[in-house]
*Asks:* 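Submitted below is the structure of interest, expressed as structure tokens.
Keep in mind the model is a prediction, meaning the values are calculated, not measured. In what follows, residues are counted from 1 in the order of the sequence shown.
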Amino acid sequence: MQFRILFFSLLFSTLLLASGCKDNPSGNDEEEIFEINSWIHQNMELYYFWNERVPEEPNVTIPTPVFFNSMLEPTDEFSYYSDDAQTLLQELNGSSFTAGFSPYFGRFSNSNNVFIVVEFSYPNSPAKEAGIERGDFIVEINGQEINTTNYLDLYYSESPTTTYTLAEYDSSQNTLVETETVELTKGELNLDPVVYSDIIEENGTKIGYLLYARFLTGENDQFIESLDNVISDFKSAGVNELVIDLRYNPGGRITAATNFANALAPPSVTSNEEVFVRYEYNENLENYYIQNEGLDSPNLVARFSDDPNNLNLDRVYFLTTSSSASASELLINGLTPYMDVISIGTPTFGKFYGSYVLTGENANPPNNYAIVPVTLKYSNAAGFSDFRDGLAPDYTIEEDILALKAVGDTTDVMIAKAIQLITGGDEPPAKLSAPLFIEKLNDPIRLKRGNIFFD
């Protein structure tokens, strides 16, 4: 899918704003700040969804962070900027500086101490090779207790060698007890979002299960290929029911979501190239696309297309939590008008906006900045959008964060519920209530990493 270049180069990515952009560009004098801010201003006028908020003649001499934030809609928690466009482009292809595990940040009530629960480890990562698995607890990083003020800085630290203090949950004392320390070496890893797949056979039914971590395409579409290979294996094995685990998927690229949707939707939908999602922009940009490209422009509507790996499904099951955001929600919402979509878990995050990533490499003069403004809002073919409270599950089930099962374990409360719905078996046991109230802490970095991005 090709998109017209409007005045400035459009590049698209899945990067978060890693902790702390500089208050001023390093070594930049007032003239450089003026040039960078002027470039930001021009792009925000063109592309920002709420561009009516962008002043016509702003003060472009103030520090860039203050300048960028001054133009944002007060409710906008998704737009951001980066002073390192190169790192942003690396993230476009799925490269992250990490030890290779996904964190849940939590704390017990009336405590400022934070613990990390490992949601999963990526295959072939330092974490996996060191034996860090789903359900492990981490209470210290590099000898520092994790708390409500340092948990993001400690986890996202760029220190290559990191020591993690592991712990076990003592249910009799309602506390975490330290057990051992593990030293990991972080690195730039290409993290395949296809974390785990399996075929579960129950009562003569073949159920495909897939834990999918982010909507990425990868270098030369390598992650598109890895997903296609799993879907192809499911098809060859005669899988006729599918459970897609998006519990920890913050979103990503629309190309990856559309490719996935083409394998899931009924063949009549894909062969007829029905509408997957529609996009809405600021008035000027929307009029530009309509006048220059027509109402069926790929900038205005994404359509299904034939896929040789289509599974010919009548229904699909999704596992969701509040960490399921952006492109995860787009996939679920886009499929809903055409097939039976059953969701199990808790409500999704509630993000129906998307972004362009605009880099300064073609600015005059060039700069190393990138801005990621909210550019569009999407709806499905039935016009459904604005789900600010998230997409509600059909079956509400909370996972027991203190006693997570292994990835793909059929006794996992959400997986077990899906199997029960598919096979008509006995209702799975309800999870036990946690003995103490547990508060999940926000991860704004993962939220920004999961923006919906155009290709």
*Asks:* Of Val275, Ile332, Asn333, which is the lone residue that meets side-chain contact (heavy atoms from CB on, under 4.5 Å) with Asn380?
*Replies:*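 Single pass found, and it is Asn333.
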
*Asks:* Assess whether salt bridge (Lys or Arg N to Asp or Glu O under 4.0 Å) is satisfied between Arg303 and Asp296, documenting all intermediate values.
*Replies:* CA-CA 9 Å; Arg303 293 185 176 277; Asp296 206 36; 2.9 Å; yes

*Asks:* When you measure from the side chain of Ser82 to the backbone of Ala370, do you find a donor-acceptor pair of N or O atoms at a distance under 3.5 Å?
*Replies:*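 No, because the side chain of Ser82 does not come within donor-acceptor range (under 3.5 Å) of the backbone of Ala370.
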
*Asks:* When you look at Tyr281 and Tyr289, which way does the ring pair (Phe, Tyr, Trp, His ring centres under 6.0 Å) test go after all the steps?
*Replies:* CA-CA 9 Å; Tyr281 302 85; Tyr289 287 139; 5.1 Å; yes

*Asks:* Determine whether the aromatic ring centres of Phe352 and Tyr378 lie less than 6.0 Å apart.
*Replies:*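 Here the rings of Tyr378 and Phe352 have centres that are no less than 6.0 Å from each other.
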
*Asks:* Distance only, no hydrogens: is a donor on one side chain within 3.5 Å (strictly under) of an acceptor on the other, for Asp409 and Thr411?
*Replies:*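 Looking only at side-chain atoms, Thr411 and Asp409 do form a donor-acceptor pair, the distance falling under 3.5 Å.
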
*Asks:* Ring centroids only, cut at 6.0 angstrom: are Tyr248 and Tyr104 within range, meaning strictly under it?
*Replies:*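 Tyr248 vs Tyr104: aromatic centres not under 6.0 Å.
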
*Asks:* For a quick check under 3.5 Å, do Arg134 and Ser102 share a side-chain donor-acceptor pair by atom type?
*Replies:*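 The criterion, which ignores hydrogens and geometry beyond distance, is not satisfied for Ser102 and Arg134.
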
*Asks:* Please check if any side-chain donor atom of Asn249 sits under 3.5 Å from a side-chain acceptor atom of Ser328, or the reverse.
*Replies:*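 Result is yes, a qualifying pair exists.
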
*Asks:* Judged by modelled atom types alone, do Asn262 and Ser305 share a side-chain donor-acceptor pair under 3.5 Å?
*Replies:*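 Ser305 and Asn262 do have a side-chain donor-acceptor pair below 3.5 Å.
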
*Asks:* With a 4.0 Å cut-off on N to O distance, would you call Arg247 and Glu399 a salt bridge?
*Replies:* yes

*Asks:* Please step through side-chain contact (heavy atoms from CB on, under 4.5 Å) for the pair Glu52 and Asn282, ending with a clear verdict.
*Replies:* CA-CA 9 Å; Glu52 70 276 1; Asn282 67 52; 5.7 Å; no

*Asks:* Are Glu329 and Thr348 linked by a side-chain donor-acceptor pair shorter than 3.5 Å?
*Replies:* yes

*Asks:* Assess, by modelled atom type and distance only, whether the side chains of Ser95 and Glu188 contain a donor and an acceptor separated by less than 3.5 Å.
*Replies:*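 Per modelled atom types, Ser95 and Glu188 side chains form a pair under 3.5 Å.
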
*Asks:* Please indicate whether Arg278 has more than 12 foreign heavy atoms, meaning atoms of other residues, nucleotides or ligands, lying under 6.0 Å from its CZ.
*Replies:*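 It does not: Arg278 CZ has 12 such atoms or fewer within range.
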
*Asks:* Under 4.0 Å between a Lys/Arg side-chain N and an Asp/Glu carboxylate O for Arg446 and Glu119?
*Replies:* yes

*Asks:* Check this for me, if you would: do Glu158 and Lys186 make a salt bridge, where the nitrogen-to-carboxylate-oxygen distance has to be below 4.0 angstrom?
*Replies:* no

*Asks:* If you draw a 6.0 Å radius around CG in Asn240, do more than 12 non-hydrogen atoms from other residues or ligands fall strictly inside?
*Replies:*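 Buried by this count: over 12 neighbours within 6.0 Å.
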
*Asks:* Tell me whether the centres of the aromatic rings in Phe215 and Phe223 are closer together than 6.0 Å.
*Replies:* no

*Asks:* Are Tyr156 and Asp443 side-chain neighbours, meaning at least one heavy-atom pair lies under 4.5 Å?
*Replies:* yes

*Asks:* When you compare the side chain of Tyr279 with that of Leu300, does any pair of heavy atoms fall below 4.5 Å?
*Replies:*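 They are not in contact (no side-chain heavy atoms under 4.5 Å apart), so the answer is no.
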
*Asks:* Heavy atoms, side chains only, cut-off 4.5 Å: are Leu210 and Leu227 in contact?
*Replies:*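 With C-beta onward as the side chain, the pair touches.
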
*Asks:* Is the closest side-chain donor-acceptor distance between Tyr48 and Asp76 under 3.5 Å?
*Replies:* yes

*Asks:* Would you say the side chain of Asp245 lies within less than 4.5 Å of the side chain of Val407, judging by non-hydrogen atoms?
*Replies:*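 No. Closest side-chain heavy atoms not under 4.5 Å.
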
*Asks:* Report yes or no: do Thr410 and Lys405 form a side-chain donor-acceptor pair below 3.5 Å?
*Replies:*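 The answer is no; no qualifying pair exists.
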
*Asks:* In terms of side-chain geometry, is the basic nitrogen of Lys377 or Asp386 positioned less than 4.0 Å from the acidic oxygen of its partner?
*Replies:*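 Looking at Lys377 and Asp386, the cut-off is met.
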
*Asks:* More than 12 foreign heavy atoms under 6.0 Å from CG of Asn124: is that the case here?
*Replies:*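 No, not enclosed.
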
*Asks:* Quick one: are Met339 and Asp314 in side-chain contact, heavy atoms under 4.5 Å?
*Replies:*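 Answer no - side chains too far apart.
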
*Asks:* Walk me through it: do Tyr122 and Asp192 pass the test side-chain contact (heavy atoms from CB on, under 4.5 Å)?
*Replies:* CA-CA 8 Å; Tyr122 283 93; Asp192 190 331; 5.9 Å; no

*Asks:* Are Tyr338 and Phe304 an aromatic pair by the rule of ring centers under 6.0 Å?
*Replies:* yes

*Asks:* Using a strict 4.0 Å threshold on nitrogen-to-oxygen distance, state whether Lys235 and Asp307 make a salt bridge.
*Replies:*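 No, this pair does not count.
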
*Asks:* State yes or no: are the ring centers of Tyr356 and Phe49 separated by less than 6.0 Å?
*Replies:* no

*Asks:* For Glu168, does the CD atom have more than 12 heavy-atom neighbours from other residues, nucleotides or ligands under 6.0 Å away?
*Replies:* no

